[in-house]
Asks: 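Following this message is one structure expressed as structure tokens.
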Amino acid sequence: MLLTHAGPEIGVASTKAFTTQLVALLLFSLNLARTRGMDAAQEAQAVRLLRGLSAQLEEVLAIDPQIAALAEHFVEKHHCLFLGRGEQYPIAMEGALKLKEISYIHAEAYPAGELKHGPLALIDEDMPVVAVAPNNALLEKLKSNLEEVRARGGQLYVFADTQVPMQEEPGITVIRLPETDDLIDPLVFTIPMQLLAYHVATLKGTDVDQPRNLAKSVTVE
């Protein structure tokens, strides 16, 4: 058993359970890497990043008013697409899941590299596209995918850290997150996804703690 130490969760659409699971899995991975001869300097760097995670997440929470304003762009929409590459694809999935669970807007996530194999056919000005864009080795490929969205009139909302060379222009809104590291950027990028869903649901007047038709897995079989 690997405890997350998340504490009691009030909402059915659990958020902290997801983030604490990410931390727990990272700690497990680091412990496994140590037994396989992980370099001491790498381990020290990983520990330093984890100890600084709280401060980074405080910086993310500081842009909450910006995310709340962004949510107004989604309230009247009926569909939304989330894109991510590599380890950011599960983060895009979390964003889509939370949006559909508590705002009742149909949302799906897709690996950005497979955009042409289906969801690109759905892109138009009425479907917002949310992209998770940390400054990593896959950034240029992701930017190419985003250009495909723009070429078809899609409205892009890109969550990018401060090192990503991307400018706002008509059809592209960039939300800046603090500079981070590949090891922990899934955690840093998860929080804005969850906040966006929360603010959209609040604007729509839905019950963010008790979404319709849903129940916790621990209460039903």
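Starting from 1, each residue takes its place in the sequence as its number. All values reported here derive from a predicted model rather than from experimental measurement.
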Asks: For P178 versus D161, what's the shortest heavy-atom pair and its separation?
Replies: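 Of all heavy-atom pairs spanning P178 and D161, the closest is O-CB, 3.5 Å.
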
Asks: For a quick test of reading the model, state the closest non-hydrogen atom pair linking L120 to K116 and the distance between them.
Replies: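 Looks like CD2-CG, 3.9 Å.
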
Asks: Can you find a heavy atom in the side chain of F189 that is under 4.5 Å from one in the side chain of V60?
Replies: no

Asks: Donor-acceptor check, side chain of S103 to backbone of K100, threshold 3.5 angstrom: yes or no?
Replies: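 It does not hold such a pair.
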
Asks: Rounded at 0.5 Å granularity, tell me how far OG in S144 sits from CG in L115.
Replies: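 It comes to 9.5 Å.
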
Asks: Could you walk me through whether F74 and L203 pass side-chain contact (heavy atoms from CB on, under 4.5 Å), step by step?
Replies: CA-CA 10 Å; F74 292 76; L203 289 172; over 6 Å; no

Asks: Do R85 side-chain atoms and A112 backbone N/O form a donor-acceptor pair below 3.5 Å?
Replies: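 Such a contact is absent between R85 side chain and A112 backbone.
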
Asks: Could you tell me whether the side chain of T206 and the main chain of A201 form a donor-acceptor pair under 3.5 Å?
Replies: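 Yes: the side chain of T206 pairs with the backbone of A201.
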
Asks: Under 4.5 Å side-chain heavy-atom separation, chaining through any Ile, Leu, Val, Met, Phe, Trp or Tyr, what else clusters with Y89? Say none if it is isolated.
Replies: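 Via sub-4.5 Å side-chain contacts, Y89 links to M93.
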
Asks: Is the CD atom of E169 crowded by more than 12 outside heavy atoms at less than 6.0 Å?
Replies: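 Atom CD in E169 is packed in, count exceeds 12.
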
Asks: Same cluster for V132 and V158 if Ile/Leu/Val/Met/Phe/Trp/Tyr side chains link at under 4.5 Å?
Replies: no

Asks: Report the C-alpha separation of L183 and Q42 in whole Å, then their side-chain angles, then the decisive distance to 0.1 Å, and conclude whether the side-chain contact (heavy atoms from CB on, under 4.5 Å) test is met.
Replies: CA-CA 11 Å; L183 190 71; Q42 287 181 305; over 6 Å; no

Asks: Taking L70 as the starting point, is it possible to reach L99 by hopping between hydrophobic residues whose side chains are less than 4.5 Å apart?
Replies: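 Per the 4.5 Å side-chain linkage, L99 and L70 are co-clustered.
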
Asks: Please check if L25 and I184 belong to a single hydrophobic cluster, counting links between Ile, Leu, Val, Met, Phe, Trp and Tyr side chain heavy atoms closer than 4.5 Å.
Replies: no

Asks: Is there a continuous path of hydrophobic side-chain contacts, each under 4.5 Å between heavy atoms, that joins V130 to V174?
Replies: no

Asks: Who pairs with E140 by salt bridge (charged side-chain N to carboxylate O under 4.0 Å, His left out), at least two apart in sequence or on another chain?
Replies: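 For E140, the residues satisfying salt bridge (charged side-chain N to carboxylate O under 4.0 Å, His left out) (neighbours in sequence not counted) are K143.
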
Asks: Could you check whether any side-chain heavy atom of H78 comes within less than 4.5 Å of a side-chain heavy atom of H106, counting everything from C-beta outward?
Replies: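 Of all side-chain heavy-atom pairs linking H106 with H78, none is under 4.5 Å.
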
Asks: Can you check whether L30 reaches R34 side chain to side chain, under 4.5 Å on heavy atoms?
Replies: no

Asks: Taking side chain as C-beta onward, heavy atoms only, is L177 less than 4.5 Å from P192?
Replies: yes

Asks: Taking side chain as C-beta onward, heavy atoms only, is Y104 less than 4.5 Å from P211?
Replies: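 In short, these two side chains touch, coming nearer than 4.5 Å.
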
Asks: Between Q21 and T4, which heavy-atom pair has the shortest distance, and what is it?
Replies: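 Nearest pair, atom of Q21 first, then T4: CG-CG2, 3.8 Å.
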
Asks: Does the side chain of F159 reach to within under 4.5 Å of the side chain of I175, using non-hydrogen atoms?
Replies: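 Yes, close enough: below the 4.5 Å cut-off.
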
Asks: Rounded to the nearest 0.5 Å, how far does CD1 of I67 lie from NE2 of H199?
Replies: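 The distance works out to 6.5 Å.
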
Asks: How close do Y110 and H117 get, counting heavy atoms only, and between which atoms?
Replies: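 For Y110 and H117, the tightest heavy-atom pair comes out as OH-O, 3.8 Å.
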
Asks: Look at the rings of H73 and Y157 and say which category their plane angle falls in: under 30° parallel, 30 to 60° tilted, over 60° perpendicular.
Replies: perpendicular

Asks: Ignoring hydrogens, what is the shortest heavy-atom contact between I123 and V149? Give both atom names and the distance.
Replies: CG2-O, 3.9 Å

Asks: Identify the two heavy atoms, one from A96 and one from A109, that lie closest to each other, and give their separation to 0.1 Å.
Replies: CB-N, 3.8 Å

Asks: Run the side-chain contact (heavy atoms from CB on, under 4.5 Å) test on E94 and F82 for me, step by step, so that the C-alpha distance in whole Å, both residues' side-chain angles and the decisive distance to 0.1 Å come before the verdict.
Replies: CA-CA 9 Å; E94 167 71 357; F82 287 73; over 6 Å; no

Asks: Look up atom CZ in R150 and atom CG in L156, then write down how far apart they are to the nearest 0.5 Å.
Replies: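 CG of L156 is found 6.5 Å from CZ of R150.
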
Asks: Side-chain heavy atoms under 4.5 angstrom apart, residues restricted to Ile, Leu, Val, Met, Phe, Trp, Tyr: same cluster for I102 and I91?
Replies: no

Asks: Find out whether P134 and V164 are in side-chain contact, i.e. whether some heavy atom of one side chain is under 4.5 Å from a heavy atom of the other.
Replies: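 The answer is no, as the side chains (C-beta and beyond) never meet within the 4.5 Å cut-off.
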
Asks: Side-chain contact test, heavy atoms from C-beta onward, threshold under 4.5 Å: evaluate it for T180 versus Q56 and give yes or no.
Replies: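 Result yes, sub-4.5 Å side-chain heavy-atom pair found.
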
Asks: Would you give the length of the straight line joining atom CD of E168 to atom CE of M166, rounded to the nearest 0.5 angstrom?
Replies: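 Answer rounded to 0.5 Å: 11.0 Å.
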
Asks: Taking D207 for the side chain and Q210 for the main chain, is one N or O donor matched with an acceptor at less than 3.5 Å?
Replies: yes

Asks: When you measure from the side chain of N136 to the backbone of D182, do you find a donor-acceptor pair of N or O atoms at a distance under 3.5 Å?
Replies: no

Asks: Report yes or no: does N145 contribute a side-chain atom to a donor-acceptor pair with the main-chain N or O of E148 at less than 3.5 Å?
Replies: no

Asks: Decide side chain to side chain donor-acceptor pair (under 3.5 Å) for D126 and Q155; before the verdict, give the C-alpha distance in whole Å, the side-chain angles of both, and the deciding distance to 0.1 Å.
Replies: CA-CA 8 Å; D126 292 322; Q155 301 296 304; over 6 Å; no

Asks: Once you round to the nearest 0.5 Å, how far does OH of Y198 lie from OG1 of T15?
Replies: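 That separation rounds to 11.0 Å.
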
Asks: Just verifying a value: how many Å separate L139 CG and Q88 CD, rounded to the nearest 0.5 Å?
Replies: 11.0 Å

Asks: Which is it for K204 and I105 under the side-chain contact (heavy atoms from CB on, under 4.5 Å) test, yes or no, and what are the steps along the way?
Replies: CA-CA 10 Å; K204 290 174 67 72; I105 294 173; 4.1 Å; yes

